[in-house]
Amino acid sequence: MRKIFSLVLVLAMAFSAAASAETLRVGMECNYAPYNWTQAESSDTAVAIAAGGYADGYDVQMAKLIAEGLGMELEIVKTEWDGLVPSLLSGVIDVIIAGMSPTEERKVTIAFTEPYYESELVVVVRNDGPYADAKTLADLSGARITGQLNTFHYTVIDQIPGVSKMTAMDTFPTMIVALSSGAIDGYVSEKPGAISAMASNPDITYVEFDDGQGFACEPSDAAISVGLVQGSELLEPINAILAGISDDERQMMMDEAVANQPLSE
């Protein structure tokens, strides 16, 4: 009986491992529109979150294409930003698809695919505030500016002459509330996120800098890639899938994500 039980246990474990291998567990915040967000109701484009609710956005649509291309089922694992890399390294998730830039610092710890989106940095401000017409970093001198915690968005604030660098904040919704309430004058964002925030909040806009007058950063800092563990066998297959998605398709997906975000109507 012990031998039979051991055999059943081994078979069960093997079946469990095989089932797990057929599921692509994707980590994302589900709180960074238009890249990813959480919604209560199902929709034609949303995917169920493992812990409850539904996720949608540009990252979700990209994750669906990647999972389909790999022949795997998609599972969205809602994870706090600071927990994404630890979750990847510990095996809780298989990949990060969360609007994450492949910075040199992150490349020391994890691997990245080729970019699946490239953007530019802007500063989100109140449309009735003193910085709404800014065109250069110098125009933001004296402004109280912040960025998301543990992102390069926060580090580039130092490039603004005379800036009042505020404490970093955990999420973009938190920064939007702080901006709307007057606690800060602006926050650094990628352009899609700024467009998304503006669509949802009529009291804010964003500063798009004149050529050569904005933030200086490495191309990888303004790119968005899929994060994987070092040596992952998924790297080359995912790169092949991404290579088959045209720039026009990517931009269409982003435009749809901005239009479909819950608060844009």
Side-chain angles (χ1 to χ4, degrees), residues 20 23-39 46-67 70 72-119 121 146-156 168-175 187-190 192-193 196 217-218 220-235 238-239 241-242 254 257:
S20 176
T23 300
L24 183 68
R25 299 165 300 168
V26 177
M28 62 180 67
E29 285 181 281
C30 302
N31 198 24
Y32 181 28
Y35 288 101
N36 52 77
W37 66 76
T38 301
Q39 59 189 53
V47 173
I49 299 173
Y54 298 87
D56 204 345
Y58 182 80
D59 288 332
V60 175
Q61 303 315 307
M62 190 61 67
K64 288 165 68 174
L65 291 177
I66 290 172
L70 293 173
M72 302 173 74
E73 294 294 323
L74 174 61
E75 179 181 332
I76 301 296
V77 183
K78 187 173 182 178
T79 309
E80 293 294 328
W81 177 261
D82 285 348
L84 286 169
V85 172
S87 293
L88 179 67
L89 295 176
S90 65
V92 174
I93 58 177
D94 301 308
V95 296
I96 298 170
I97 306 181
M100 181 173 283
S101 299
T103 63
E104 293 303 318
E105 182 180 2
R106 292 192 182 114
K107 287 179 181 178
V108 173
T109 306
I110 64 175
F112 286 96
T113 64
E114 293 298 315
Y116 64 86
Y117 196 77
E118 296 183 36
S119 185
L121 291 181
T146 191
Q148 188 178 29
L149 184 67
N150 294 330
T151 67
F152 85 102
H153 295 174
Y154 190 65
T155 62
V156 298
M169 298 186 180
D170 290 333
T171 68
F172 281 83
T174 301
M175 290 187 284
Y187 66 86
V188 179
S189 171
E190 291 162 15
S196 174
C217 62
E218 294 296 324
S220 61
D221 291 339
I224 301 298
S225 298
V226 178
L228 313 94
V229 294
Q230 300 281 3
S232 173
E233 295 180 354
L234 293 175
L235 180 61
I238 292 178
N239 272 334
I241 294 167
L242 295 178
M254 180 57 77

Query - Residue pair Leu234 / Leu70, side-chain heavy-atom distance below 4.5 Å - result: yes
Query raised in the report: Just by modelled atom types, is the Val226 backbone N or O under 3.5 Å from a matching donor or acceptor in the Thr113 side chain?
Result: yes
Query raised in the report: So, Asp56 and Gln61: side-chain donor and acceptor under 3.5 Å apart, yes or no?
Result: yes
Query raised in the report: Does Ser87 use its side chain to pair, donor to acceptor, with the backbone of Gly83 at less than 3.5 Å?
Result: yes
Query raised in the report: With a 4.5 Å limit on heavy-atom distance, are the side chains of Val229 and Leu88 in contact?
Result: yes
Query raised in the report: Within a strict 4.5 Å, meaning less than it, do heavy atoms of the Glu114 and Ser225 side chains meet?
Result: no
Query raised in the report: Does a side-chain heavy-atom distance below 4.5 Å link Tyr35 with Ile224?
Result: yes
Report task. Measure the CG-CD distance between Asp170 and Glu29 for me, rounded to the nearest 0.5 Å. Result -> 9.5 Å
Query raised in the report: From Leu74 CG over to Leu24 CG, what is the distance, rounded to the nearest 0.5 angstrom?
Result: 6.5 Å
Query - Listed partners of Glu233 passing salt bridge (charged side-chain N to carboxylate O under 4.0 Å, His left out), at least two apart - result: none
Query - Gap between atom OH of Tyr116 and atom CE of Met62 - 0.5 Å precision - result: 7.0 Å
**Report entry** Heavy-atom side-chain proximity of Ile93 to Ile96 below 4.5 angstrom
**Finding:** yes
Query raised in the report: Does the Arg106 side chain pair with the main chain of Ser101, one donor and one acceptor, at a distance under 3.5 Å?
Result: yes
**Report entry** Spacing of Phe152 atom CZ and Glu105 atom CD [to the nearest 0.5 Å]
**Finding:** 12.0 Å
**Report entry** Heavy-atom pair of closest approach, residues Met100 and Val85
**Finding:** CE-CG2, 4.3 Å
Requested in this report: Grab the two heavy atoms, one from Ala223 and one from Glu118, that are nearest each other, plus how far apart they are.
Outcome: CB-CG, 4.1 Å
Query raised in the report: According to the interplanar angle, ranging from 0 to 90°, do the rings of Phe172 and His153 count as parallel (below 30°), tilted (30 to 60°) or perpendicular (above 60°)?
Result: perpendicular
Query raised in the report: So which heavy atom on Phe112 is nearest to which on Pro102, and how close?
Result: CG-CB, 3.5 Å
Query - Separation between CH2 of Trp37 and CG of Asn31, rounded to the nearest 0.5 Å - result: 12.0 Å
Query raised in the report: Taking side chain as C-beta onward, heavy atoms only, is Met175 less than 4.5 Å from Gln148?
Result: yes
Query raised in the report: Just wondering, do Tyr32 and Trp81 contact through their side chains at under 4.5 Å, heavy atoms?
Result: no
Query raised in the report: Measuring from Thr151:OG1 to Asp82:CG, what's the distance to the nearest 0.5 Å?
Result: 10.0 Å
Query raised in the report: Between Ser196 and Pro192, is there a donor-acceptor pair closer than 3.5 Å when you use the side chain of the first and the backbone of the second?
Result: no
Report summary line: In short, Ala98 meets Gly27 closest at the heavy-atom pair CB-O, 3.9 Å
Query raised in the report: So which of Val47, Asp59, Thr38 actually passes side chain to side chain contact (heavy atoms under 4.5 Å, CB included) with Ile76?
Result: Val47
Query raised in the report: Is there a donor-acceptor contact under 3.5 Å from the side chain of Gln230 to the main chain of Ile110?
Result: yes
Requested in this report: Decide yes or no for Val92 and Arg25: does some side-chain heavy atom of the first lie under 4.5 Å from some side-chain heavy atom of the second?
Outcome: no
